[in-house]
K.L.:
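One structure, pasted below without further comment.
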Amino acid sequence: MISERLLKTIRHIDNFPKPGVGFKDLTPVFRDPALCRELVNTFAADFKEGVNVVVGIESRGFFFGPSIALELNAAFVPVRKKGKLPYTVHSEAYALEYGHDILEMHTDAILPGETVLIHDDVLATGGTAEAVKKLVEKAGGIVVGFSFIIELAFLNGRNRLDGHKVRTLVTYN
Ligand code: AMP
């Protein structure tokens with residue numbers, strides 16, 4: 001099963017990028033094309049019908065977001081940190097452990113009524129994904145689901161995405 005293969009392949013780095021964080025490193029997964037293909041196909045099968053746009057969250061949502069979009073025959077839209085996008089943007093501030101950050105998306109990236117799958121590598125507290133959902137809704141998009149490779153279930157991020165289809169491949173409790 002894909003979950004077991006991912007579990008065996010994902011590397012754990014303790015205390016990165018700061019003490020107390022157990023970082024999930026996906027780079028060994030990228031070394032395995034068959035596993036990458038299965039990962040993309042699994043998400044694409046889950047959201048087979050009715051996705052117009054896949055939104056990838058900077059930066060690790062850019063690894064697989066474009067491939068999932070291609071597989072779904074959907075558009076890909078990047079959400080980036082403040083100041084990186086050149087055209088007019090929608091902005092959304094979200095809380096970090098200390099302070100806050102701002103995410104941005106081009107104002108013409110999503111058309112009103114388009115259906116959107118939001119993708120990132122890790123679901124932790126859910127704060128980032130929730131902010132991206134607000135960005136999509138500012139543009140008039142309709143969020144139909146979320147896909148994450150990894151879920152850190154002990155942080156209860158899923159609760160913040162209540163009412164939406166949330167698909168994750170590997171869960172750490
Ligand atoms: P959150 O907003 O708390 O759900 O955090 C999600 C974002 O932080 C994602 O974009 C992840 O890339 C990153 N992230 C959070 N925790 C980890 C972790 N333990 N390992 C790798 N990335 C993480």
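In listed order, ligands and their atoms are each counted from 1. Starting from 1, each residue takes its place in the sequence as its number.
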K.L.:
Please confirm whether G126 approaches ligand 1 to less than 4.0 Å, judged on its heavy atoms.
P.N.:
yes
K.L.:
Atoms of ligand 1 less than 4.0 Å from D121 heavy atoms?
P.N.:
9 (C), 10 (O), 11 (C), 12 (O)
K.L.:
Who's closest to atom 13 (C) of ligand 1 heavy-atom-wise, of R160, R60, H12, K24?
P.N.:
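Shortest heavy-atom distance from atom 13 (C) of ligand 1: R60.
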K.L.:
Could you identify the single nearest non-hydrogen protein atom to atom 6 (C) of ligand 1 and state the distance to 0.1 Å?
P.N.:
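Looking at atom 6 (C) of ligand 1, the protein heavy atom closest to it is V122 O, 3.6 Å.
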K.L.:
Look at the side chain of D120 and the backbone N and O of G61, then say whether any donor-acceptor pair between them is shorter than 3.5 Å.
P.N.:
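Flag set: sc D120 to bb G61 pair under 3.5 Å.
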K.L.:
Given 3.5 Å as the limit, does a donor-acceptor pair link the side chain of K134 with the main chain of A93, or not?
P.N.:
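Judged by distance alone, no pair lies under 3.5 Å.
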K.L.:
For ligand 1, does L152 get within less than 4.0 Å through its side chain, its backbone, both, or neither, judged by non-hydrogen atoms?
P.N.:
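The answer is the side chain of L152.
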K.L.:
Backbone N or O of G83 within a donor-acceptor pair of the E104 side chain at under 3.5 Å?
P.N.:
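Yes; judged by distance alone, with no hydrogens or angles, the pair exists.
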K.L.:
Ligand 1 versus T128, non-hydrogen atoms closer than 4.0 Å: side chain, backbone, both, neither?
P.N.:
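The answer is both, backbone and side chain.
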K.L.:
Under 4.0 Å from any heavy atom of G127, which atoms of ligand 1 are there?
P.N.:
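Going through ligand 1 atom by atom, the ones under 4.0 Å from G127 are 2 (O), 4 (O).
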K.L.:
Under the side chain to side chain donor-acceptor pair (under 3.5 Å) rule, collect the residues that match up with K24, sequence neighbours excluded.
P.N.:
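Scan of K24 (side chain to side chain donor-acceptor pair (under 3.5 Å), adjacent residues dropped) gives H12.
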K.L.:
Taking the six-membered ring for Trp and the full ring for Phe, Tyr or His, determine whether the centres of Y94 and H100 are under 6.0 Å apart.
P.N.:
no
K.L.:
To which of D120, V21, I149 does the heavy atom nearest atom 9 (C) of ligand 1 belong?
P.N.:
D120
K.L.:
May I ask you to decide if G56's main-chain N or O and H119's side chain share a donor-acceptor pair within less than 3.5 Å?
P.N.:
no
K.L.:
Which residue holds the protein heavy atom closest to atom 16 (N) of ligand 1, what is that atom called, and what is the gap in Å?
P.N.:
A124 CB, 3.8 Å
K.L.:
When the aromatic ring centroids of F64 and F30 are compared, is their separation below 6.0 Å?
P.N.:
yes
K.L.:
Enumerate the atoms of ligand 1 whose separation from the nearest heavy atom of T125 is less than 4.0 angstrom.
P.N.:
1 (P), 2 (O), 3 (O), 4 (O)
K.L.:
So for G22, does at least one of its heavy atoms come nearer than 4.0 angstrom to any atom of ligand 1?
P.N.:
yes
K.L.:
Flag the pair K8 and E4 as a salt bridge only when some basic side-chain nitrogen lies within less than 4.0 angstrom of an acidic carboxylate oxygen.
P.N.:
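No.
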K.L.:
Counting heavy atoms only, which of F63, Y172, Y94, F23 comes nearest to atom 21 (C) of ligand 1?
P.N.:
F23
